[in-house]
Amino acid sequence: MSATLDSTPAADGYRMPAEFEPHDGCWMAWPERPDNWRLGAEPAQLAYAAVAEAIAETEPVTIAASDAQFERARALLPPAIRVVEVTIDDAWIRDTGPTFVVDGGGGRRGVDWRFNAWGGHEGGLYSPWDRDDRVAHKVLEIEGADRYRAPFVLEGGAIHVDGEGTVLSTEECLLNHNRNPKLSREQVEAGLHAHLGTEKFVWLGRGVYEDETDGHVDNLACFARPGVVLLTWSEDESDPQAAISRDARERLEAATDARGRPFEVVLLPSPGPLQIGVEEAAGIDAVAGTKARRAGDRLAASYANFYVANSRVVFSLLDERHDEEAAEILRGCFPEREVVGVPGREILLGGGNIHCITQQVPHA
Ligand code: KQY
């Protein structure tokens with residue numbers, strides 16, 4: 001049973017741990033909507049299953065699947081992976097699931113952010129989204145964790161924390177008029193600190209070029225450990241990504257974290273540029289009101305969109321010209337973990353990647 005609390009995590013002594021801290025498990029959801037995923041989502045389901053299997057080697061995985069997909073998910077996933085029925089609009093549990101917070105004394109609760117499909121009726125990706133807005137509450141009920149219902153819109157992919165008081169995000173997303181138009185920058189910072197148990201905000205500018213989430217930080221940059229940030233990088237000055245990444249690097253190099261440390265910035269190569277292929281676009285059932293995916297559209301591909309599991313880093317294989325270089329950089333940043341690449345293009349075609357489809361349950 002999950003009680004809804006009317007205080008905030010920070011007031012109650014809770015904080016969001018960094019992803020590289022120990023986990024008790026990981027949640028994912030099961031893709032199915034044919035207006036986002038090609039060929040009735042079958043290739044995406046195989047890609048999600050491969051991610052789930054790679055994570056399940058190191059921590060328990062639970063998959064939320066609709067009633068219509070329950071039997072198929074069960075059949076495609078190994079028995080060690082738990083499948084539960086949860087009604088969903090789409091399968092991005094980083095954004096629809098809860099952000100778990102812990103108190104360091106065995107307590108674990110969850111923050112249930114308001115969800116508006118990345119922009120509501122001003123650029124959101126589908127409508128309706130009310131079933132996705134209820135996913136976090138249902139996950140908390142299954143986990144038996146009490147719930148904070150945040151009074152503002154936020155997606156989990158829009159933030160990263162270092163677990164030591166610092167939160168990293170982007171202006172493009174958090175200050176976008178389609179999220180919380182009535183909140184000032186200072187009010188956004190205060191709301192995040194109250195719900196994450198953080199005290200220092202580090203603002204980046206824009207996210208990855210053409211990212212349909214309005215620039216989620218989880219596709220651009222992330223903490224490898226406190227004081228060390230991995231950043232998507234492009235040396236190609238004709239690519240708009242180069243200026244975006246340069247601005248992010250300058251901001252990081254000018255900032256300090258909650259403990260007063262300067263950041264070391266580690267650069268990750270950008271895949272591609274990658275575009276949607278003709279055959280890939282033809283496999284999507286276009287529907288009015290859902291984001292159109294057309295042949296030739298630039299994909300927001302990034303190696304930063306990986307998941308840090310207990311003893312593995314699971315990252316997306318996106319471009320064989322750069323996959324091994326990305327893996328080597330990740331091995332250098334996470335020397336105590338095995339770095340495992342999983343084919344990520346089918347996930348990318350839906351608009352995100354491995355970090356976006358996973359949600360860690362930190363150890364209480
Ligand atoms: O960046 C993320 N956390 C999610 C990407 C969602 C894309 C929706 N099509």
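We use all heavy atoms of the structure for the numbers below, so side chains are in, but hydrogens, waters and symmetry mates are not. We count ligands from 1, going down the list as the structure has it; atoms in each ligand are counted the same way.
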**Message:** Give me the nearest non-hydrogen protein atom to atom 4 (C) of ligand 1 as residue plus atom name, then the distance to 0.1 Å.
**Reply:** Asp95 OD2, 3.0 Å
**Distance-only donor-acceptor check, side chains Arg94 and Gln360, under 3.5 Å** = yes
**Message:** Between Arg38 and Glu42 (side chain of the first, backbone of the second, donor and acceptor by atom type, cut-off under 3.5 Å), is there such a pair?
**Reply:** no
**Message:** Test of understanding: given a 4.0 Å heavy-atom threshold, classify the contact between Arg293 and ligand 1 as side chain, backbone, both, or neither.
**Reply:** side chain
**Protein residue, atom and distance nearest to atom 7 (C) of ligand 1, heavy-atom basis** = Gly351 O, 3.3 Å
**Message:** Check contact between Asp218 and ligand 1, using heavy atoms of the residue and a distance below 4.0 angstrom.
**Reply:** yes
**Request:** Consider every N or O of His216 and every N or O of ligand 1, then say whether any pair is closer than 3.5 Å.
**Result:** yes
**Asked** Does NZ or CZ of Arg33 fall inside the cone over Tyr126's six-membered ring, less than 6.0 Å from its centre and within 45° of the axis?
**Response** yes
**Asked** Distance only, no hydrogens: is a donor on one side chain within 3.5 Å (strictly under) of an acceptor on the other, for Ser311 and Thr58?
**Response** yes
**Item:** Any N/O pair Glu212/ligand 1 closer than 3.5 Å
**Value:** yes
**Asked** What is the nearest protein non-hydrogen atom to atom 2 (C) of ligand 1, stated with its residue, atom name and distance?
**Response** Cys356 SG, 2.6 Å
**Prompt:** Would you find a donor on one side and an acceptor on the other, under 3.5 Å apart, between the side chain of Asp247 and the backbone of Ala243?
**Reply:** no
**Request:** Could you verify whether a donor N or O on one side chain and an acceptor N or O on the other, from Glu32 and Ser66, lie under 3.5 Å apart?
**Result:** yes
**Item:** Polar proximity ligand 1 side, Gly157 side, N/O cut 3.5 Å exclusive
**Value:** no
**Message:** Using modelled atom types and a 3.5 Å cut-off, is there a donor and acceptor pairing between side-chain atoms of Arg15 and backbone atoms of Gly163?
**Reply:** yes
**Prompt:** Quick one: does ligand 1 sit under 4.0 Å from the side chain of Leu125, the backbone, both or neither, non-hydrogen atoms only?
**Reply:** side chain
**Message:** Any nitrogen or oxygen of Asn305 lying under 3.5 Å from a nitrogen or oxygen in ligand 1? Just yes or no.
**Reply:** no
